[in-house]
Number of protein chains: 2
Amino acid sequence: MSATVITNIATLVTNDPSLRDPDPLGLVRDAAVVIEGDRVVWTGAASKAPATDNRVDAGGRAVLPGFVDSHSHLVFAGDRTEEFNARMSGRPYSAGGIRTTVAATRAASEAELEATLTRHLAEALRQGTTTFETKSGYGLTVEDEERALRLAARHTDEVTYLGAHVVAPEYADDPAGYVDLVTGAMLDACAPHARWIDVFCEKGAFDGDQARAILTAGRAKGLHPRIHANQLSYGPGVRLAVELDAASADHCTHLTDADVDALANSATVATLLPGAEFSTRAAWPDARRLLDAGVTVALSTDCNPGSSYTSSVPFCVALAVRDMGMTPDEAVWAATAGGAAALRRTDVGRLVPGAYADLVLLDAPSHVHLAYRPGVPLVTGVWRRGVREV
Amino acid sequence: MSATVITNIATLVTNDPSLRDPDPLGLVRDAAVVIEGDRVVWTGAASKAPATDNRVDAGGRAVLPGFVDSHSHLVFAGDRTEEFNARMSGRPYSAGGIRTTVAATRAASEAELEATLTRHLAEALRQGTTTFETKSGYGLTVEDEERALRLAARHTDEVTYLGAHVVAPEYADDPAGYVDLVTGAMLDACAPHARWIDVFCEKGAFDGDQARAILTAGRAKGLHPRIHANQLSYGPGVRLAVELDAASADHCTHLTDADVDALANSATVATLLPGAEFSTRAAWPDARRLLDAGVTVALSTDCNPGSSYTSSVPFCVALAVRDMGMTPDEAVWAATAGGAAALRRTDVGRLVPGAYADLVLLDAPSHVHLAYRPGVPLVTGVWRRGVREV
């Protein structure tokens, strides 16, 4: 198999855990990376790089691991531009929220859904996302949830069953009946296509006991839990995530000290989704508090048409630095290694021998520019599984 | 001369003043634009478009006027990444501020400065900016200011002499002597290359009397005034701008009611620069208050390596909607027609017969997506002076 060296890298972010003390990003200056097949086989000083057949000159720019977007909702149809426009313009609008998207998604053909999914994935890839998780949750029937997951599984291994996004409209008067469906026939149909099970644990969606029942049922079918927790209000989601060893508690906007302590003493990652706070003008999660307590933090887009219609991890990095108290280094770690931790992966989110050759080349000399140059599309090269895609 | 029609436009933003009531953006749905040479010659319903030799299918997407970025500082050298990183990370750093960039700019060769300028202009063009203003202000000697303006004038008609950015280090003990230089030999050398004269009217830079002397001297040499006003504190800048009929008062972050009244009863535009507040974690200017008072508002990037290193007008639109109380329509108007007003231009910032054929094609069905999809590089086509550049 022929090898390729990417050299003349001014700043290489490895996230190599063996280099983590004192530098969490495991930075190498004047560096090179060698890839062979779909894997990284060597990283280090450019002057010491082994000879290879192919050579790419990074031109004194920065290379980092491809972004790991561990939270998105990309199997959907329909448009909520007018709902967004009215919200931001202070005009009344009878928004149906998630249910608007549920109706459109159910009505869409499989081909339409897949075209929308692939269009958003290509858009994310151009912005440096090489690993993405995506969810069901806009179907809310056995057939529509199964269809969403089957579609998603064609494009990623990180597929999450979120039948428990909201109570389906048909069960508005019988939420217990909907929980029975989500943990019964719907779970049976969906489990073969998914790796994860998720629940929106929030007032108006599912309470702690319902969430526990749903995640426990999923676990019995081989799905691993993750939770939409503590987004809009204080609640039991985060502590339930820790109790069930969920890979991630996502949002974490409203946390008590007990919630923070629980996360700090667990293997559950806090995944922060600043696109949602940006697009709903909500208060920011306090990343600084979590980091100071020793919690592992991930950053993801929450890309969805209602509350966070961004596919841009670089944008989330800039927001996390500006508004959530993260340093540029912490934000870049959270968007790469942090996202990988939230998916319990060590083969992505880092550039070390044996990891997937998922790399981003920035049109900038350092990763700090992702925050220093907000909004500028700096991603100028993307390799995924060793193949140059951008 | 052969004509080209761009058709199948779902949403066309014309900013046509004759359509402004009730719709400030003069929107046309299912539209077409015809361009001939460097000009727009027709806009209207796609079904009524005249026959042309060439046809471009916009694919049901949105077309708007190219962005008019009326405030940038692109003639510079040097890097302030570490200053930014330290500020955002809460680490001490003995930053030299503007003076750091002055030293690097003076030390750079003309070729280096022009390469940096053209790189940033290409980056801005890819993001939809078709008209840009740029300034001197990192030279602060006769030769270095003249060089900056001469370079800038090769690339744009909108060149601003900002010898009065800060007092040059050589004149730290003699600010009056520096004002004499700026209004004397430096002005004589610079005026032939510039259209505008600007001054940073702020505590620590130039006070109201100094600013008036500088702008008045520039006006006597045929330069039209604009002012960096009321950015960091309350002060005389905005009222001076109105007094001197400046085209624009830029920043406008700290305004009294008298300042707002003065702007509302003038032809002076308030140019808001949210990239600066974003990158310095400063309080946002209150666009809503200005708009409600009837002030004309422009949005620009303030692209510079110290306080706002973004070249992205779409990013500024998203911030203006999220954090400054602008509706998506108002923000898009401000970034196009507003920027044109801040440069006293009617041949850009609008798509009407006779205007320059400067157009942006978005990968989205509406201009609202610039705010709805923050951080996503939606600009997928750019025409400048009738030529497709992106």
Side-chain angles (χ1 to χ4, degrees), chain A residues 11 79-91 119-120 123-124 126-127 274-275 277-281 288 301 303 305 308-323 325-331 363-369 371-379, chain B residues 11 79-91 119-120 123-124 126-127 274-275 277-281 288 301 303 305 308-323 325-331 363-369 371-379:
Chain A
T11 309
D79 188 84
R80 285 163 70 184
T81 312
E82 275 315 302
E83 175 186 331
F84 172 85
N85 199 0
R87 181 168 75 234
M88 294 321 225
S89 302
R91 282 188 278 111
R119 186 163 53 82
H120 286 91
E123 179 186 276
R126 286 195 296 275
Q127 295 170 87
E277 281 79 23
F278 188 88
S279 293
T280 60
R281 292 197 185 121
R288 188 76 263 140
T301 63
C303 189
S308 179
Y309 197 11
T310 184
S311 55
S312 174
V313 174
F315 175 67
C316 294
V317 167
L319 293 181
V321 170
R322 203 274 179 181
D323 288 312
M326 299 181 86
T327 69
D329 283 10
E330 288 167 341
D363 187 14
S366 113
H367 60 287
V368 175
H369 287 63
Y372 182 33
R373 308 217 58 208
V376 180
L378 292 178
V379 172
Chain B
T11 309
D79 189 84
R80 285 162 70 184
T81 313
E82 274 316 301
E83 175 186 331
F84 172 85
N85 198 0
R87 180 168 75 235
M88 294 321 225
S89 301
R91 282 188 278 109
R119 187 162 54 81
H120 286 92
E123 180 186 275
R126 287 195 296 274
Q127 296 170 88
E277 281 79 24
F278 188 88
S279 293
T280 60
R281 291 195 185 122
R288 187 76 263 140
T301 64
C303 189
S308 180
Y309 199 10
T310 184
S311 55
S312 175
V313 174
F315 175 67
C316 295
V317 167
L319 292 181
V321 171
R322 203 274 178 182
D323 286 313
M326 298 181 86
T327 68
D329 282 9
E330 288 167 339
D363 188 14
S366 114
H367 60 287
V368 176
H369 287 63
Y372 182 34
R373 309 217 58 208
V376 180
L378 291 178
V379 173

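Each chain gets a letter, A, B and so on, in the order its sequence line appears, and its residues count up from 1.
To the nearest 0.5 angstrom, A:F278 atom CZ is 6.0 Å from B:D323 atom CG. With values rounded to the nearest 0.5 angstrom, B:R80 atom CZ is found 6.5 Å from A:Y372 atom OH. Rounding to the nearest 0.5 Å places CZ of B:R373 at 10.0 Å from OG1 of A:T81.
Nearest heavy atom pair, residue A:E123 against residue B:V376, reads CD-CG1, 3.6 Å.
Within the 4.5 angstrom heavy-atom criterion, atoms from both the backbone and the side chain of B:Y309 approach chain A. Both the backbone and the side chain of B:A318 have a heavy atom closer than 4.5 Å to some heavy atom of chain A. Contact annotation for B:R91: neither backbone nor side-chain heavy atoms come within less than 4.5 Å of a heavy atom of chain A. B:H120 touches chain A through its side chain: at least one heavy atom from C-beta onward sits under 4.5 Å away, while N, CA, C and O do not. Proximity to chain A is absent for every atom of B:A124, based on heavy atoms less than 4.5 angstrom apart. Contact of B:C303 with chain A is made through the side chain alone, with heavy-atom distances under 4.5 Å. Using a 4.5 Å cut-off between heavy atoms, A:R119 makes no contact with chain B at all. If you measure heavy-atom distances from B:P374 to chain A, the contacts under 4.5 Å come from both the backbone and the side chain. When heavy atoms are compared at a cutoff of 4.5 Å, B:S366 approaches chain A solely by way of its side chain, counted from C-beta outward.
Of the listed residues (B:S312, B:C316, B:G275), the greatest number of heavy-atom pairs within a distance under 4.5 Å of chain A belongs to B:S312. Between chain A and the residues B:D329, B:V321, B:D363, the most heavy-atom pairs under 4.5 angstrom are made by B:V321. Heavy-atom pairs under 4.5 Å with chain A peak, among B:M88, B:R126, B:E330, B:M326, at B:M88. When each of A:A371, A:S308, A:P314 is scored by its heavy-atom pairs under 4.5 Å with chain B, the top score falls to A:A371.
A:R322 contributes no side-chain N or O that, together with a main-chain N or O of B:S279, makes up a donor-acceptor pair within less than 3.5 Å.
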